[in-house]
Amino acid sequence: MKAIVVGEQSEGAPLRWQEVPGLEPRAGEVLVEVHATALNRADLLQRAGKYPPPEGASEILGLEMAGVVKELGAGVEGLRPGDRVCALLPGGGYAEEAVVPAGMLIPVPDSLSMEEAAGLPEVFLTAYSALFWEGRLRDGEVVLIHAGASGVGTAAIQLARRAGCRVFATAGSRRKIDACESLGAELAVNYREEDFEPRIRNTLEGGGVDVIIDMVGKDYFDRNLRLMNVRGRLVFVSSQSGKDLELDIRRLMVKRLELIGATLRTRPVAEKIALKDALLERFGDDFASGAIKPVIGRSFPIEQAEQAHEYMGEKKNIGKIILTVPR
């Protein structure tokens with residue numbers, strides 16, 4: 001099979017579409033013929049040698065994919081060759097084939113194309129975990145989603161709105177602001193033009209927010225704490241502006257705030273399966289009807305993975321960037 005191979009891992013290491021050893025499913029696994037995969041910022045970090053895959057995971061880039069079942073490992077039931085599926089991966093998505101534990105597979109509804117399905121697993125599982133597992137978001141609460149036009153942000157806005165919550169967001173351009181509001185954000189603030197804290201505070205008539213999903217980190221930390229209600233939950237999904245913070249613990253004590261970290265890649269497979277099952281139990285009908293779906297900003301042939309990475313680095317995309325695999 002072919003896959004994207006990274007040259008010596010460093011900033012700007014070349015990406016090459018070339019032959020690599022084929023795969024065989026073991027007991028409990030499924031071999032999937034990949035039709036599309038999607039970019040994540042973790043791919044850029046791994047390419048630069050800053051985010052190694054978990055022990056035993058594929059060295060090939062790619063944390064999600066969509067395709068059709070090609071071969072079943074021993075003991076796998078309820079699936080058959082040709083079934084349309086997508087899945088979260090610990091690695092290996094930038095390839096013609098991927099091996100996946102059967103329990104991780106998500107059936108692709110007719111409402112989704114393969115490209116859309118490839119953009120579903122990472123962002124919706126991350127968003128669901130951050131909002132409802134870590135953030136314990138409840139109907140009627142107020143949530144602020146930073147980087148609202150990102151893949152995770154666009155997923156989180158949709159899930160929070162379907163859960164009956166008031167949703168606010170931040171983004172960095174008029175085009176991205178419009179996208180957030182079209183997905184259901186009550187207000188999206190362009191952080192390049194104004195401070196999100198007073199704008200949201202004014203809209204809430206002096207009130208605050210209950211849950212914040214933060215992919216920015218250091219630069220937003222103080223404003224996040226000031227904006228949160230008593231017993232608010234701040235969930236960190238990324239730290240793009242910096243990871244080192246200074247904190248007066250008394251600020252947490254006064255409002256009884258919670259600071260929570262969330263990540264997917266290093267979780268045990270059983271926990272990922274439980275997360276996937278919880279997402280589908282609550283929102284599966286919405287995916288099937290098309291009421292919720294991944295936002296696809298741009299697609300590239302997988303042979304142009306280099307250009308796709310450059311495009312992601314420019315931070316111009318809304319939603320997901322997809323790589324299509326030739327068939």
Side-chain angles (χ1 to χ4, degrees), residues 25 29-40 62-73 76-89 92-129 131-132 150-163 179 182-184 264 272-302 317-327:
E29 294 180 336
V30 174
L31 181 66
V32 178
E33 179 184 271
V34 177
H35 288 207
T37 184
L39 269 65
N40 292 280
L63 302 181
E64 56 194 327
M65 62 83 215
V68 298
V69 172
K70 184 174 182 179
E71 183 180 344
L72 305 179
V76 175
E77 298 179 350
L79 291 165
R80 59 185 180 181
D83 285 349
R84 294 181 357 128
V85 294
C86 62
L88 183 74
L89 305 170
Y94 288 22
E96 290 182 319
E97 296 177 353
V99 168
V100 189
M104 283 301 305
L105 293 174
I106 299 172
V108 175
D110 293 338
S111 61
L112 297 181
S113 68
M114 281 297 191
E115 291 185 22
E116 290 172 325
L120 185 156
E122 178 74 22
V123 297
F124 276 97
L125 289 170
T126 297
Y128 183 88
S129 172
L131 289 169
F132 303 108
S150 67
V152 172
T154 55
I157 290 171
Q158 294 179 77
L159 294 181
R161 283 294 298 132
R162 294 297 287 182
S182 71
L183 291 171
L264 281 184
K272 292 178 183 177
I273 292 173
L275 178 61
K276 180 265 300 184
D277 290 342
L279 170 68
L280 294 183
E281 180 178 358
R282 184 163 185 180
F283 295 105
D285 290 344
D286 292 316
F287 288 121
S289 70
I292 292 176
K293 62 169 54 183
V295 175
I296 307 302
R298 187 169 174 184
S299 295
F300 294 81
I302 198 165
N317 60 294
I318 293 174
K320 297 291 290 184
I321 300 170
I322 303 298
L323 299 176
T324 56
V325 179
R327 291 294 165 198

What one should report as the nearest heavy-atom pair of Ala38 and Ala118 is CB-O, 3.5 Å

Residue pair Leu120 / Phe287, side-chain heavy-atom distance below 4.5 Å: yes

Students often mix this up, so state it plainly: with edges at 30° and 60°, are the rings of Phe283 and Phe132 parallel, tilted or perpendicular? tilted

From CD (Glu122) to CG (Asn40), nearest 0.5 Å: 4.5 Å

Answer yes or no: is there a side-chain heavy-atom contact under 4.5 Å between Lys320 and Thr154? no

Would you sort out whether Arg161 and Leu183 count as a side chain to side chain contact (heavy atoms under 4.5 Å, CB included), showing the intermediate values? CA-CA 9 Å; Arg161 283 294 298 132; Leu183 291 171; over 6 Å; no

Show the numbers, then the answer: is there a side chain to side chain contact (heavy atoms under 4.5 Å, CB included) between Asn317 and Arg298? CA-CA 7 Å; Asn317 60 294; Arg298 187 169 174 184; over 6 Å; no

Roughly how far apart are Leu31 CG and Leu72 CG, rounded to 0.5 Å? 9.5 Å

I'd like to check Glu115 versus His35 (side-chain heavy atoms, cut-off strictly below 4.5 Å). Are they in contact? no

Taking the side chain as everything from C-beta on, heavy atoms only, tell me whether Val100 gets closer than 4.5 Å to Met65. yes

Nearest heavy-atom pair of Gly153 and Ser150: which atoms, and what distance? N-OG, 3.0 Å

For a 4.5 angstrom cut-off between non-hydrogen side-chain atoms, does Lys272 reach Leu125? no

Quick one: list whatever passes side chain to side chain donor-acceptor pair (under 3.5 Å) with Asp286, sequence neighbours left out. Arg162

Within-4.5 Å side-chain heavy-atom neighbours: Ile302 and Pro326: yes

Would you find a donor on one side and an acceptor on the other, under 3.5 Å apart, between the side chain of Ser182 and the backbone of Ala179? yes

Working to the nearest 0.5 angstrom, can you tell me the gap between Glu64 CD and Phe124 CZ? 11.0 Å

In terms of heavy-atom contacts, Ala127 and Val152 come closest through CB-O, 4.0 Å

Are the side chains of Met114 and Thr324 in contact, using a 4.5 Å heavy-atom criterion? no

With a 3.5 Å cut-off and sequence neighbours excluded, list the donor-acceptor pairs that the side chains of residues 78-88 form with protein atoms.
residue, atom, partner, partner atom, Å
Asp83, OD2, Arg80, N, 3.0
Arg84, NH2, Pro109, O, 3.0
Arg84, NH2, Leu112, O, 2.8

For Leu323 and Pro301, work out which heavy atoms get closest and say how close. CD2-O, 4.2 Å

Please determine whether the number of non-hydrogen atoms from other residues, nucleotides or ligands lying under 6.0 Å from atom CG of Asp277 exceeds 12. yes

Drop me the distance from Leu39's CG to Tyr94's OH, to the nearest 0.5 angstrom. 3.5 Å

With a 4.5 Å cut-off on side-chain heavy atoms, are Glu96 and Val34 touching? no

Determine, step by step, whether Val295 and Gln158 satisfy the side chain to side chain contact (heavy atoms under 4.5 Å, CB included) criterion, reporting the C-alpha distance in whole Å, the side-chain angles of both residues, the deciding distance to 0.1 Å, and the verdict. CA-CA 10 Å; Val295 175; Gln158 294 179 77; 4.2 Å; yes

Candidate pair Leu275 and Leu264, rule side chain to side chain contact (heavy atoms under 4.5 Å, CB included), full reasoning: CA-CA 10 Å; Leu275 178 61; Leu264 281 184; 3.4 Å; yes

